[in-house]
Amino acid sequence: MLDITEEKLKNTYKIDKKTIDLYERALDDVKDQFEYYDEIREYNQIKVLDAMQKENISDSHFTNSSGYGYGDIGRDSLDRVYARIFNSESALVRPHFVNGTHALCCAIFGNLRPGDTMLSVCGTPYDTLHDLIGIGENKKLGSLREYGINYEQVDLGKNNKIDFKSIGEHLKKNDSIRLVHIQRSTGYGWRKSLLVSEIKDIIDFVKQIKPNVICFVDNCYGEFIDTLEPTDVGADLAAGSLIKNIGGGIAPTGGYIVGKEEYITQASYRLTVPGIGGECGSTFGVMRLLYEGLFLAPHISMEALKGAVFCARIMELAGFEVLPKYNDKRSDIIQAIKFNDKSKLIDFCRSIQKGSPIDSFVKCEPWDMPGYSDQVIMAAGAFVQGASIELSADAPIREPYIGYLQGGLTFDHAKIGILIALSSIL
Ligand SMILES: *Cc1c(COP(=O)(O)O)cnc(C)c1O
């Protein structure tokens, strides 16, 4: 680091010498990792560029539609661009998905019928899906369960490995299993994200026993971290949020679903109306932002990923337990840090907020967030409200006080935020 940069950090943010030393060691240690991820970034940039060129995207795709939004060419072409990138038959990319949970919900709900069973094979799904499934506390929300759609779950086995034996037993015993739910990212757990190669192993295993079961992947935070996506390795459906990786920090809102045409169609009937599906929906002039974000996403996702790798190393050097470690192979942009201490966790998140470009003056507090059972603290001083492709940290307030850091539109900003947060708790 330049002396004047060190001086600037010290004067502006009171970063001490000890933290700077850790910074320099960490940066040195992560070099090989960065080189590896730079290659993935380059590959995915070609993939995105090629898809846009093949669909002849032009200025005319950025215009505004109104009313019913029939024949919105920007919207329909973006679906095809996504389908190419994900090597899937079809896609539904919409600003009308209010968040990732909504996209997941349409994919799952749209494809299940009373009497069917959904089987989760990675333990309890992400917190916001509990009410959708009907395993949350509130029983009167119109969940899958209320509509007579059952739920079964296979927990992760020893060392958080997929329990193939138990998955096989469920599939053989229960003929009503129609959809297998696979969650790529960690969520608020303490496990590594599933590599695309591991997702492939699960899908191959499931299809060998029941070829017609829909293999569905919650792909949140996973896009562009590998050269392959779940739909490249046999997933029938995958879904995620546009204010995470694939919106590139530019998409103002939205979600996507990709996969087999018949399943996408069913999901679209859930998003809008049976029989209308994806053919309606004006796009409020946001299409340019969805295209531009997608174009930047391979790069931005890797900036965020570098932030996570750097965070893992510097926090480990500072004596904290982290998951994944800096040199583990990654499949999402999340970095988990175990604080074992409530006030350190809260301080860390507050300092990430302090290091944000927006709302840096806000002191964040744990609160009862809709969809979550524990109180949650969320630090997100973002240009797009709640966008976790931007530098952010969050945590449910429960033992052993694990914090989750993700995002950073630039690696430089991620570094600065992490330095501020680390020096505040040292
Ligand atoms: C973020 C996320 C979701 C969806 O969350 P939203 O806040 O609704 O976008 C679902 N599953 C996982 C694993 C996630 O990380």
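None of the values given here were measured: they were computed from a predicted structure. As the structure lists them, so they are numbered: ligands from 1, and atoms in each ligand from 1.
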Legend entry - Arg191 (side chain) donor-acceptor with Cys122 (main chain) under 3.5 angstrom: no
Inset, instruction - Please check if the side chain of Gln353 supplies one atom and the backbone of Asp359 the other of a donor-acceptor pair under 3.5 Å. - result: yes
Legend entry - Ser185, Ser331, Ser388 screened by side-chain hydrogen bond (donor to acceptor under 3.5 Å, both in side chains) with Tyr221, the one that passes: Ser388
Element-labelled atoms of ligand 1 that are located less than 4.0 Å from some non-hydrogen atom of [X]:
X: Lys244; result: 1 (C), 2 (C), 3 (C), 4 (C), 5 (O), 14 (C), 15 (O)
X: Leu104; result: 10 (C)
X: Gln183; result: 13 (C)
X: Thr101; result: 4 (C), 5 (O), 6 (P), 8 (O), 9 (O)

Inset, instruction - Kindly say whether the aromatic ring centers of Tyr263 and Phe216 come within a distance under 6.0 Å. - result: no
Legend entry - Protein heavy-atom partner closest to atom 9 (O) of ligand 1 - residue, atom, separation in Å: Gly100 N, 2.8 Å
Legend entry - Residue and atom name of the nearest protein heavy atom (relative to atom 13 (C) of ligand 1), distance in Å to one decimal: Asp218 OD2, 3.5 Å
Inset, instruction - Supply the atom-to-atom distance Phe383 CZ to Ser356 OG, rounded to the nearest 0.5 angstrom. - result: 9.5 Å
